[in-house]
Every structure is written in C-alpha cells, then in structure tokens.
2 protein chains.
Amino acid sequence: MNVTAAQKRLIEKLGVFFEGQGRTPAEARIIGLLLVADQLEMTLEEIQHTLGISKSAVNNAINVLMLTQQLEYVTKPGDRKKYYKSKIEQWMSHVEEHVEKALEGRILLKEALDQRSKSTKEFNTAMKDMIEFMEFVQSHHQEMFAKWKKSKGRS
Amino acid sequence: MNVTAAQKRLIEKLGVFFEGQGRTPAEARIIGLLLVADQLEMTLEEIQHTLGISKSAVNNAINVLMLTQQLEYVTKPGDRKKYYKSKIEQWMSHVEEHVEKALEGRILLKEALDQRSKSTKEFNTAMKDMIEFMEFVQSHHQEMFAKWKKSKGRS
DNA sequence: TATTTAGTTCTGCAAATTCAGAACCAAGTA
DNA sequence: TACTTGGTTCTGAATTTGCAGAACTAAATA
C-alpha cells in the first residue's frame, strides 16, 4: 500500500478543495496524492491503483496537469516508465493566477462603468470605488509576489 | 428595448466572466444586466424579456443571487411587483471571499505537510515556504480589506 | 517475429447541470 | 366568485462532464 487510510482521507479533502479550484475529481486527487504521499514520484500505474481510478482517466488527468505545469516527470536509466511528481516550486504562480483571476473582473467592470448613463450617480460612484479598490489590491498583490520571487531568486 | 445591442454584447462578456466565477449562465447574465443597464431596478418580467430566458430560470437565478447577497429588491407602494437591483455595496465582500478562497488551501497544505515523512526534506521545505508565503499574502489582504472597510465606514 | 509493457486514444455510458414549459399558488381586482 | 397578475415549483429534456473499458500504438524484449 502506497498510502495509509489517514492519508487517503486527507487526499479526499484536498481533492474536494482542488475541485473547487476548477480541477476535475481525478486531477484533484492526483495533485493531492503527490502532496501527501511519502513517495514523491509515482508511475501512472501506481497512481491508478492507489487512487482506484482508470488508466485512461489517470492518463488524461496527468497530461492536463503537465500542461498546466502542476506535474512533471523524471525518468530512470533503463526504465521506460515515467515517474510523475508534483512541481511544487511552480505552485506559487498558481496561487498568483487564482488571486489574479478573482481581481480580473475589474477590467470588465470598468468597461461597464464607462458606458453607463451619467444619471445614476450614486451607483456609478459605488462601482468606481470598487474598481479602484480592486486596482489597489491588485497592485499590492503584484508587489508582494515580485518581492517573494526576488527573495527566492537570491536565497 | 431596455438595453442596446452594445450593452447586450457587454452583458455576454460579463456573463462569461461570472460563469467562470461559478455562477450559472442565467445568474451570470442577470448580474451583468443589472451592472450594465441604465435602468437600475428591473422586474422579473423585464429581466426575462431583456435576456430572453424563461421565467422559471430567472426566478431561480434571482433567488440564488439574493441568498448570496448579490441582489436585493425594492417595492413600490400599490405595486405587487418586486424591483430587483444589484447590491453593489456588498460586492467587495465577494471579491474578498474569492481571494480568501484562493488562499484557503494553505490550511490543507499545512495539514498535508504536518503528516509528511521528515525524510523528503527538500520537498517539505518547498511546501513550508509556500505555506508561509500564502499566510503572508493572506494577512496583508485582511489588512487591506479592513482598512478599506474602515475608510468607507467613515466617509 | 511474437510478446510484453507503457502510454494513448476512442467509444459510449452515467451522472450532474441547467433550463423551458406547464402547472400551480396566493393576493389582489372586476 | 371568477379573473388577472406576480411569483413559485415541478417535470422532463438537452447539454455537458468525467470517466471506464477496450482498442490501439510504439518501443523494447524474448
């Protein structure tokens, strides 16, 4: 057995969370597995049997996760298998993307505000305030990420 | 006609965006309509005909959006109709929730880290770094939101 | 050349989502 | 009391999603 019962429960919890982030159930559980399991690198077959999902589902999920930079694989000499592992260093950019996406609406909101009749003054002002705050949060955010990246680049 | 062709296009763009935020197509377009239209308050029937979706779909969507505090309605004396409008002042808390949700994974990641074998040192350190940064971003966010709320409370 | 192995692709089903349309209810109005 | 009106609820149909299972490919091995 690759993972304990407790680990399986945690994988499910992580699974539910990542589903909420827009991943499919299979993708979500694979991410969870590779965060929780002691074994950092696993083959398609190992993932399949540990999670109890089909080969095709694992294969599709893995490929999506590689396209989105959440997984990578390593190989071993004289071994055709691929050993998949979580690309954890890349994770920060996913968090970044997610926060970014939450704030991205400000662009469309601005477009909406720009075309509004000037007569609904109170409403327009409320909209403007919100857009400005979103811009403020957004720029702070960029700053924080930039700082973090720089500190990592040096250390 | 309640909205122009250009406004309809913008409503669709907003619709796609809000679908990405987890709303249904009908919900997403109603939010968009009430952000774009000059007329700030609209009845169920007006919404129905402007967007070209069924009464039941509008009704269901409206009720969901009221539960999630994105819409409210006002009434007029001697008029049974409800006039729905965007609860724009409440919008900031939605942005807040969204950002919060993006950062919420840190709690589960911490749980995952805590149960990891100590032997995968490098991986564990990378995980820890990320969790710490997410905590840092999170506290900054809270601070920013708190400040904004306070400034709005006063002004 | 036949067989095994790792991974990929295709087909179709099962579940979930979303909505239209119809029936319905409750509060007024004629 | 019957009719209208605003809103609600129910049912079923159309999509969409996600995956299992089988067929398949390509490389390595016997």
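Letters A, B, ... are given to chains in the order of the sequence lines, protein chains preceding strands, and every chain is numbered from 1.
Neither B:Val64 nor B:Leu71 shares a network with the other; the hydrophobic side chains, linked directly or stepwise wherever heavy atoms of I, L, V, M, F, W or Y lie under 4.5 Å apart, form separate groups for each. One hydrophobic cluster, built from ILVMFWY side chains closer than 4.5 Å, holds both A:Met92 and B:Leu113.
For B:Pro25, the listed nucleotide lying nearest its side chain is C:dC19; candidates were C:dC19, D:dG21, D:dG7. Closest to the side chain of B:Lys81, from the set C:dT9, D:dG18, D:dG6, is D:dG6. Looking at the side chain of B:Ser56, the nearest of the listed nucleotides C:dT9, C:dA20, C:dC19 is C:dA20. Distance from the side chain of B:Ser54 is smallest to C:dC19 among C:dT9, C:dG7, C:dC19. Nearest nucleotide to the side chain of B:Arg80, out of D:dG6, C:dA20, D:dA20: D:dG6. Taking every side-chain heavy atom of A:Ala26 into account, D:dC19 is the closest of C:dC19, D:dC19, D:dA27.
Side-chain N/O atoms of A:Glu45 and A:Thr43 include no donor and acceptor closer than 3.5 Å.
Summarising the geometry, the separation between CD1 on A:Ile53 and C1' on D:dG18 is reported as 11 Å, rounded to the nearest angstrom. In this structure, B:Asp79 places its CG atom 13 Å from P of D:dT5, rounding to the nearest Å. Between A:Leu44 atom CG and C:dG7 atom P the separation is 6 Å, expressed in whole Å. Going from atom CG of B:Leu51 over to atom P of C:dT18 covers 17 Å, rounded to whole Å. In this structure, CD1 of A:Ile62 is placed 17 Å from P of D:dG18, rounded to the nearest angstrom. Between the C1' atom of C:dA6 and the OH atom of A:Tyr73 lies a distance of 12 Å, rounded to the nearest Å. Between the CG atom of B:Asn63 and the P atom of D:dG7 there is a distance of 10 Å, rounded to whole Å. Put simply, CD on B:Gln48 is 12 Å from P on D:dG6, counting in whole angstrom units.
If you find the closest nucleotide of DNA chain D to B:Tyr83 and to A:Asn60, the one lying nearer the 5' end belongs to B:Tyr83. Comparing A:Lys82 and B:Arg23 by the nucleotide of DNA chain C whose heavy atom lies nearest to each, the residue mapping closer to the 5' end is A:Lys82.
In this structure, CD1 on A:Ile11 lies 8.5 Å from CG on A:Leu34, to the nearest 0.5 angstrom. Here the CD1-CZ distance, from A:Ile53 to A:Arg29, works out to 8.5 Å after rounding to the nearest 0.5 Å.
Contact annotation: side chain of B:Lys55 to base of C:dG21, donor-acceptor pair absent below 3.5 Å.
The side chain of A:Thr43 contributes no N or O atom lying less than 4.0 Å from OP1 or OP2 of C:dA6. One finds no side-chain N or O of B:Thr24 lying less than 4.0 angstrom from the OP1 or OP2 phosphate oxygen of C:dT17.
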